[in-house]
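Numbering of ligands and ligand atoms starts at 1, following listing order. Computed over heavy atoms, backbone and side chain alike; hydrogens, waters and symmetry mates excluded.
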Amino acid sequence: MAVKRGGLIIFEGLDRIGKTTQSKLLYDHLTLECGLLCERLSFPDRSTQIGSLIDSYLQRKIDFNDHTIHLLFSANRWESIDLMRTKLLQGYTLIVDRYAYSGVAFTQAKGLDIKWCQSCDVGLLKPDLVLYFHRNKQSNCLSFTGDERYETKSFQEKVEFYFEQLRSSSSEQWKDVNVIDKHNVEMRDKESIQNEIRLYVKNCLDGIKSNHIDELWK
Ligand code: FDM
């Protein structure tokens, strides 16, 4: 019997909002409890030569202008596309931390044009599901600060604005995951967020009926 392809599931949102924790929990659930073939990836993939340039840039060891670093982030996705397609067709579900949406939102926050930002990623594999981690803006219980470039409150707030724009104009399958509780006071507990995600993922995987993979933004 032909293998059914896996799903391409993207975790998107600001820094330090819980994407990595949740993607690991999902991976454990899909592999250990559901017995599915599954792999986790993240962008930037710092293990490649391009990824190591990006890593040095993020750690402020080297500089690039805004267009160049954007192209490097995009190239870092393009260098994975063949492996990703192969894995999906072998039946692996790919859980991916960040994708082209981060590329666009972070670069737009520096003032570059959306059309140019998107153009570099046109034709990448189109996700089956984008889990958009967000918070209610009034909530103050998240810290975005860290040592890397971009990890400041003011920059993250700009990025958030552009993420919201992308979210409202995207034709892809986005699901909002609000990480703040309904009283707007604290983070929701990990289990309740994970249960919500599992429902979205189950519906997404059940809905994959053909092995065809669409192209992003085409
Ligand atoms: N980032 C990530 C970008 O600016 N563009 C991109 O295309 C991607 C994938 O890199 F601040 C930013 C987002 C984040 C930083 O990401 C490193 P991780 O997830 O913290 O490694």
Could you give the N/O to N/O pairs under 3.5 Å linking ligand 1 and the protein, each with its distance?
residue  : atom   : partner : partner atom : Å
ligand 1 : 7 (O)  : Arg77   : NH1          : 2.8
ligand 1 : 7 (O)  : Arg77   : NH2          : 3.4
ligand 1 : 7 (O)  : Gly103  : N            : 3.3
ligand 1 : 16 (O) : Arg98   : NE           : 3.4
ligand 1 : 19 (O) : Arg98   : NE           : 2.8
ligand 1 : 21 (O) : Arg46   : NH2          : 2.9

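- For Phe43, the ring-ring contact (aromatic ring centres under 6.0 Å, His included) test picks out no residue, with sequence neighbours left out.
- Under the 4.0 Å criterion applied to side-chain N and carboxylate O atoms, Asp128 and Arg5 are assigned as salt-bridge partners.
- Residues satisfying the ring-ring contact (aromatic ring centres under 6.0 Å, His included) criterion with Tyr101, sequence neighbours excluded, are Trp174, Trp217.
- Both the sub-6.0 Å distance and the 45° axial angle are satisfied by Lys87 relative to the ring of Tyr92.
- Residues passing the side-chain contact (heavy atoms from CB on, under 4.5 Å) test with Lys115, sequence neighbours excluded: Asp113.
- Looking at Ile9, Leu26, Val201 one by one, the single match for side chain to side chain contact (heavy atoms under 4.5 Å, CB included) with Thr93 turns out to be Ile9.
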